[in-house]
Structure formats: structure tokens, C-alpha cells
Peer 1: 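Following this message is one structure expressed as C-alpha cells.
Protein chains get the first letters and strands the later ones, always in sequence-line order, with residue 1 at the start of each.
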Amino acid sequence: MNVLEQTEQKLKQEISEAVLKSGLASAEELPEIILEKPKDKSHGDFATNIAMQLARIAKKAPRQIADEIVKVINETEASIEKIEIAGPGFINFFMKNDLLEQIIPTILREQDNYGKSDAGKGKRIQVEFVSVNPTGDLHLGHARGAAYGDVLSSLLAAAGYNVEREYYINDAGSQIDKLGFSVEARYLQELGEDVEMPEDGYHGQVIIDMAKAIVAEDGNKWLEKSHEERFEYMKEYGLKASLRNIERDLKDFHVEFDNWFSERTLYEDDQIPNAVQQLKESGYIYEKDGATWFKTTEFGDDKDRVIIKQDGNYTYLTPDIAYHKNKLDRGFDKLINVWGSDHHGYVARMNAAIQALGYPADKLEVKIIQMVNLFEGGEKVRMSKRTGKAVSLRELMEEVGIDATRYFFVARSNDSQLDFDIDLARSQSNENPVYYVQYAHARICTMLSQAETRGFDVNGKFDFAELTSEKEQELLMKIGSFPQTVADAAEKHAPQRVTNYVFELASLLHSFYNAEKVLDADAPERTTARIALMKAVRITIANALNLIGVTAPEKM
RNA sequence: GUCCCAAUAGCUCAGCUGGAUAGAGCAACAGCCUUCUAAGCUGUAGGUCGUAGGUUCGAAUCCUACUUGGGACGCCA
């Protein structure tokens, strides 16, 4: 637990005791004490609305209640400097300054670990994301999900959860057969055969590249084989090549998985029929029109869903149910799926499956990633200029860079559509929030290296009392709240809170930088203290950027 | 028709568990480099929080209806 949290805990406790002591409410009636950090500094460091909340219980005016609480509160215990009652009945607390004193030493001690907490208590969470069909490569739509899933995982890990990142490979369905036919057609075309590309095949350039690679390796070897043999080889080749592409693109985007789960393994030991059997035993299965149905309406879905078609094949849903059963059987405390918005209609039936398998509905949480619209030169970019197809993750990385891409993707709530301005992401100016934040980090690094070359005491004991200016106090409060920000962002699955936070911290740093001089030979004591502050701010910015997978450059 | 998401300054967006005078950046206007990086800072101006009800001491925030934009509604995957 960090310094600010301890302070809050203590204060909350003293407020509760004061309420009980004044007889305003009994222990059972006592509402949860809510502390907030007022925006306006004249409202103190913390404020509580407890007096308003107690108005009905105590049947007294809020201001009078506040008065009675303030009279009996133990100011020394909670390190309170001053208390004021304001507005409709807010109690404002001004804390003793020395509480901030621990912040810098804590950060300097924890270094890379600063910001982590044990809020998640080691609970096992699995985050499944991207999971694109291995039939081509990753495009824009997948990139946002990749950034979101990866950062969410990092946040959960930092907040003390035991996190596993998983990619589900759809390598068993009919889409893989389609891939096989597509590669085969391109292969035969490469060899000059008069073959039509199937209408519903995959037309991307990657497929042609695969065909060319096969020709380069094997020449016309597969021309002579039977169609079955050739198709089988083409399918497997396409699958492996697609996966290689996807894995490479993701790795370059700094996204790595703990586990790549193959759909095929579900077929190997009857996991799908077993899952269906379990649903049947629970009474959620019936036969109609020659098909097998799953009663998802029992759990709030619009209509029941077919899981075994008239022709005896499974629908898309069936192996997915088995997959989720497999995940649940692995003992995770919680499953998170990151899906594109075009799959949201699928959420209800998956939730139904979870419950029908005997698990509580909140065991699985599906995060829907809304669409991304690309803009360049003020115009909406519909297709890639290079390929005429959807813009790929790789193109985006090459066009705007990894840092900016990742930052922009997680800077917005997953529930909101995202307008991605390529010009802005690429611009090296103050308009670009990524550069703004990175520049703050680089600025500090410059100061610190200058401090060393100019012979200032960079590791000395510093006197906290030297840090008295308003901007220094604001910086201290801000860096002190970082662990709480990380925990909140993890809890709410809201990476954008981290980008907001680090942007605000950078802003405070720039403001401080322009107002005060850090390295001042005429004031060595103050300089030592400010160097310590700068180190702490640098660590906090670097850790925040690291969480969202953005680099923290030392020079720009 | 049903379901999901969104709607806040001219533009792009924050706004935490309902809290005090709704905040940034860009664009506009006025300033700041002899000084640790001006990729920066300071100030001015800009708002019926989509509309209408409701809950509450208090609503941008919660509830209901509606409007607009986007998406989804297959024995496809």
C-alpha cells in the first residue's frame, strides 16, 4: 500500500470513529466513507460528503452534522493540519505536509516496480484477444484490439493479478479449407495453369506471396500430386505461413502471448462432444428440424441457436463452447475476451454457454472494441493506397510508428469509436500527445545528465522541506497517486486512464520546468531536492509509458 | 422490427463511486528563448453536457422515452 492510500485509509477510519462517537449514526447505519480529491485546492487535500449522507439518518442539517463530526475528530491521529466546513456540508481536510515526504523515497526505492500493487490478490485472469482467423494478415480493425488486450493484460498484472495472454487459433473450420483452396489456386496460377480463384476465396496479396514461396521451394512438384494431397499440403502451408505472419506482426507491435491455443486440439480428445453432452445432461439441448439446438433463450438470448446442423456438422458456436469449457476447466478466476464490435451479437450466446456449463455469468467478461476510422489529410481513409485492401497493422506501424499507434489506440475507451488521425500521430509537434509525454521524459533525462556533468550531488540525501513551491507540491501529489491510477485502470479495464494520467503528469512537469530552475549552483540544497523530485517524476513517466508499451526516450 | 455502442467548447476528446465554479489539446487572440531541449510555457475568449421527463439535499454521471450517428441480428465463420 502506498503513502496516499495509507493516508486515506487512516483518515476514513478517523471519520468513521468521529461519526460513531458523536452519536450521529450507529455502526450499522454508517454509510461508506467517501473521500474525494477536490479539484479546487482551496477545498483542501481531501473532502468528504458524509454529512450530507447522514442528513436523513440523523435528521439534522448537513452543516450541523459536519460541525459535530469536526468537533470530535482526532486530528493528530490522521495527520490533519486544518479542517473546514464548506458549501452544502462538505468537510474539507488540509493534510500535514510531511505525508508527502515519503513519496520520493518510495519511488526511488521501488524504481521499475513503482505503480504496482497487490489489489488483484494474485487472482488468475485469462485475457484472450486478437484471435484472428489465420487466413491472411492483421489489419487495422485487429490492431486496436491487440493494443487494448495487451495493455489491459499489463495493467492487470501490475495491479496484482496473475495474468495469462491467450490467442485462439481457428485452425479447424471451413475457413481453413477456403484458405487451402485459395493457396492452391494461386499456386496453380503461378505455374501458368488456367485456374479460377474461387469466388469466396481469400484474394489478398499474402496468399499470392505464399504461392510464390511454394513454387520457389518445390517448383511444380505439387502439380503432379493428387488434388487431395496437394490441397492438404497447401492448407497446412497456408496455415503455418499465416500464423507466422500474424505472430511476427504482433511481435513487432510488442504484443506477445503466453499461449497459442489451437482449435484442432479440441477435436483430438472429444472435447466438443463432451461439452455438448454436458449441455444435454443439464437439459439445455433439444432436436428440431433435423438439427440440434441449444436453449440460449433460457439465459436472455433472442433466439435459440443451432449447434449441430442438419448435415451433421457443428456450427461456429459449438467448438467455441468447448473452448470456453476448456478455459473454465483450467481454473481461471475470470475470463476476459476482447472482441471486435462486429461480434457483439455473439456475446449473449457465449454468456448463455458459460451459465449452462454451470458457471456464474460474471465469470466471463467480453470487451467489445469499437471501430477505428482512419483519417489522413482530413479525409477518411477507406482502403490502403498500396494494396487497395483494408489497411494492415504492418502498414500502420511503418507509417506512424509503434509508439504513436499504441498510444492512440488505448487513449480512447474501448466503447467509443476511434478517429485515428494519421497526420497527428505522425507529427513531431506539441499537437501530438505521444511526443508531448515522451519529451517530458527526455527533458528530465537531459537535466539529470547535466546535473552529473556539472558536478551536482545527484545521489545525496535531500531535504524534503526544500520542495515548497505550488508546482512541486502538485507534482508530488500526482506521482503519489500513480499506483491508485494503475489499480483503478485495471479494475475498470480502462487503459485510457493511464494515457490521461501520464499526459497530465507531463503537463505538470513542463509547467514546472518553465517556472523553476532545477540546477542552480547558488542553491545546492534545493537543487539536490529537486534532482530527487525529477528522478521520481522520470521513473513514474517511464513506468506509465511502459505499461502502455510506449518507449521512454532519453533524448529527442 | 430487436439488441449493443456513442452523443460534452468550432474540431478531437477527459470528466473517477452522483458532489462544490464541467476540464485539456488543437484552431483564434495576446505574450514568454542571454537561462537545465520553444517537440515547451503563461494568459484571453469559447458550453441550453443531443431532447424531454424522472430519482436525489445534489445529475454530464443513475432510470425511462425519444432523436441522430455507427454496428449486429445465418443450420456463414
Peer 1: Taking the C1' atom of each, how far is B:G71 from B:A28, in whole Å?
Peer 2: 37 Å
Peer 1: Applying a 3.5 Å limit to both distances, which nucleotide forms a Watson-Crick or G-U wobble pair with B:C73?
Peer 2: B:G1
Peer 1: Can you check the A:Glu8 CD to B:C16 C1' distance for me, whole Å?
Peer 2: 12 Å
Peer 1: Does the side chain of A:Pro433 come within less than 4.5 Å of A:Phe408's, by heavy atoms?
Peer 2: yes
Peer 1: List, with names and distances, any nitrogen or oxygen atoms from the protein found under 3.5 Å away from nitrogen or oxygen atoms belonging to nucleotides 41-46 of chain B.
Peer 2:
| residue | atom | partner | partner atom | Å |
| --- | --- | --- | --- | --- |
| B:C41 | OP1 | A:Tyr436 | OH | 2.4 |
| B:C41 | O4' | A:Asn514 | ND2 | 2.9 |
| B:U42 | OP1 | A:Ser511 | OG | 3.0 |

Peer 1: Classify the ring geometry between A:His343 and A:Tyr346 as parallel (under 30°), tilted (30 to 60°) or perpendicular (over 60°).
Peer 2: perpendicular
Peer 1: Starting from C1' on B:C4, measure out to CG on A:Asp342 and report it in whole angstrom.
Peer 2: 12 Å
Peer 1: Counting only Watson-Crick or G-U wobble pairs whose two distances fall under 3.5 Å, which nucleotide matches B:A6?
Peer 2: B:U68
Peer 1: Could you tell me if A:Ser469 and A:Glu472 have a donor-acceptor pair between their side chains, going purely by distance under 3.5 Å?
Peer 2: yes
Peer 1: When the distance from NE2 of A:His343 to C1' of B:A72 is rounded to whole Å, what number comes out?
Peer 2: 11 Å
Peer 1: Determine the interatomic distance between C1' on B:A60 and the same-named atom on B:G19; round to the nearest Å.
Peer 2: 13 Å
Peer 1: Suppose we screen for side-chain hydrogen bond (donor to acceptor under 3.5 Å, both in side chains). Which residues come up paired with A:Asp177, at least two apart in sequence or across chains?
Peer 2: A:Lys235
Peer 1: At 4.0 Å (heavy atoms only), tell me whether A:Ser174 reaches a base, stays on the sugar-phosphate, or touches nothing.
Peer 2: sugar-phosphate
Peer 1: Under a 90° cut-off about 0 for the syn range, is B:C73 syn or anti?
Peer 2: anti
Peer 1: What about A:Asn49: does its side chain form a donor-acceptor pair under 3.5 Å with the base of B:G19?
Peer 2: yes
Peer 1: Looking for any heavy atom pair under 4.0 Å, which part of the strands does A:Ala47 touch: base, sugar-phosphate only, or nothing?
Peer 2: base
Peer 1: How about A:Phe409 and A:Leu140: do any of their side-chain heavy atoms sit closer than 4.5 Å?
Peer 2: yes
Peer 1: Both A:Asn133 and A:His43 contact RNA chain B. Which one's nearest nucleotide lies toward the 5' end?
Peer 2: A:His43
Peer 1: Out of the candidates A:Phe503, A:Tyr436, A:Tyr435, only one should pair with A:His510 under the ring-ring contact (aromatic ring centres under 6.0 Å, His included) rule; please name it.
Peer 2: A:Tyr436
Peer 1: Please classify the nucleic acid contact of A:Asp177 as base, sugar-phosphate, or nothing, using heavy-atom distances under 4.0 Å.
Peer 2: nothing
Peer 1: What distance, rounded to whole Å, do you find between the two C1' atoms, one in B:A39 and one in B:C3?
Peer 2: 46 Å
Peer 1: Using a heavy-atom cut-off of 4.0 Å across all strands, would you classify A:Ala411 as base, sugar-phosphate, or nothing?
Peer 2: nothing
Peer 1: Name the pairing partner of B:U12, where a pair is Watson-Crick or G-U wobble with both distances under 3.5 Å, or state none.
Peer 2: B:A24
Peer 1: Under 4.0 angstrom, heavy atoms only, what part of the nucleic acid is A:Ala291 near: base, sugar-phosphate, or nothing?
Peer 2: base
Peer 1: Between A:Asn49 and A:Pro62, is any pair of side-chain heavy atoms under 4.5 Å apart?
Peer 2: no
Peer 1: Suppose you measure atom P in B:A7 against the same atom in B:A45; what distance do you get, rounded to whole Å?
Peer 2: 28 Å
Peer 1: How long is the line joining CG of A:Leu424 and C1' of B:C13, in whole Å?
Peer 2: 12 Å
Peer 1: Quick one: are A:Tyr316 and A:Asn170 in side-chain contact, heavy atoms under 4.5 Å?
Peer 2: yes
Peer 1: Need one value for A:Glu491: base, sugar-phosphate or nothing, where a base atom within 4.0 Å counts as base even if backbone is also close, heavy atoms only.
Peer 2: nothing
Peer 1: When all nucleic acid strands are considered with a 4.0 Å heavy-atom cut-off, which category describes A:Phe503: base, sugar-phosphate, or nothing?
Peer 2: sugar-phosphate
Peer 1: Rounding to an integer number of Å, can you tell me how far A:Tyr513 OH sits from B:C32 P?
Peer 2: 19 Å
Peer 1: To the nearest Å, give me how far apart CE (A:Met556) and P (B:A39) are.
Peer 2: 10 Å
Peer 1: Sequence neighbours left out, what pairs pass salt bridge (charged side-chain N to carboxylate O under 4.0 Å, His left out) with at least one residue falling in residues 502-524 of chain A?
Peer 2: A:Lys478-A:Glu504, A:Glu516-A:Arg530, A:Asp520-A:Arg526
Peer 1: Under 4.0 Å, counting only non-hydrogen atoms across every strand here, what does A:Met52 touch: a base, just sugar-phosphate, or nothing?
Peer 2: base
Peer 1: From B:G19, B:C16, B:A6, pick the nucleotide closest to the side chain of A:Ser416?
Peer 2: B:A6
Peer 1: Could you please name the partner base of B:C29, counting Watson-Crick and G-U wobble pairs only when both distances are under 3.5 Å?
Peer 2: B:G43
Peer 1: Sticking with atom P, work out how far B:C63 lies from B:C16, rounded to a whole angstrom.
Peer 2: 14 Å
Peer 1: Roughly how many Å is it from CG in A:Leu418 to P in B:C5, rounded to a whole number?
Peer 2: 18 Å
Peer 1: Would you indicate whether A:Gln13, at its atom CD, is surrounded by more than 12 heavy atoms from other residues, nucleotides or ligands within a distance under 6.0 Å?
Peer 2: yes
Peer 1: Would you measure the distance from the C1' atom in B:U42 across to the matching atom in B:A22 and give it in whole Å?
Peer 2: 23 Å
Peer 1: Could you list all the salt bridge (charged side-chain N to carboxylate O under 4.0 Å, His left out) pairs where at least one residue sits in residues 286-304 of chain A, not counting sequence neighbours?
Peer 2: A:Asp301-A:Arg305
Peer 1: Give a yes or no on this: more than 12 heavy atoms of other residues, nucleotides or ligands lie within 6.0 Å of atom NZ of A:Lys280.
Peer 2: no
Peer 1: Which comes earlier along RNA chain B counting from the 5' end, the contact point of A:Leu35 or that of A:Glu504, where each point is its nearest nucleotide?
Peer 2: A:Glu504
Peer 1: May I ask you to say what A:Ala86 touches in the nucleic acid, namely base, sugar-phosphate or nothing, with a heavy-atom cut-off under 4.0 Å?
Peer 2: base
Peer 1: Can you pull out every side-chain hydrogen bond (donor to acceptor under 3.5 Å, both in side chains) where at least one residue sits in residues 403-416 of chain A? Sequence neighbours excluded, please.
Peer 2: A:Asp150-A:Arg406, A:Asp403-A:Gln438, A:Asp403-A:Thr551
Peer 1: Which nucleotide, B:G71, B:U12, B:C36, lies nearest any side-chain atom of A:Thr446?
Peer 2: B:C36
Peer 1: Counting side-chain heavy atoms from C-beta on, which of B:G70, B:U2, B:G15 comes nearest to A:Asp302?
Peer 2: B:U2
Peer 1: Could you give the distance separating B:A14 and B:G31 at their P atoms, to the nearest angstrom?
Peer 2: 34 Å
Peer 1: Which one, B:U12, B:A6, B:C16, comes nearest to the side chain of A:Asp488?
Peer 2: B:C16
Peer 1: Rounding to an integer number of angstrom, what distance separates B:U8 and B:C13 when you compare their C1' atoms?
Peer 2: 9 Å
Peer 1: Rounded to the nearest angstrom, tell me the gap between atom CD1 in A:Ile91 and atom C1' in B:A20.
Peer 2: 14 Å
Peer 1: Within the 4.0 Å heavy-atom criterion, would you say A:Arg305 contacts the bases, only the backbone, or no part of the nucleic acid?
Peer 2: nothing
Peer 1: With a 4.0 Å limit, can you tell me whether A:Lys303 has a side-chain N or O closer than that to the phosphate oxygens OP1/OP2 of B:C3?
Peer 2: no
Peer 1: Please list residues of residues 308-321 of chain A whose heavy atoms come under 4.0 Å from any atom in RNA chain B, ordered by number; otherwise none.
Peer 2: A:Lys309, A:Gln310, A:Thr315, A:Tyr316
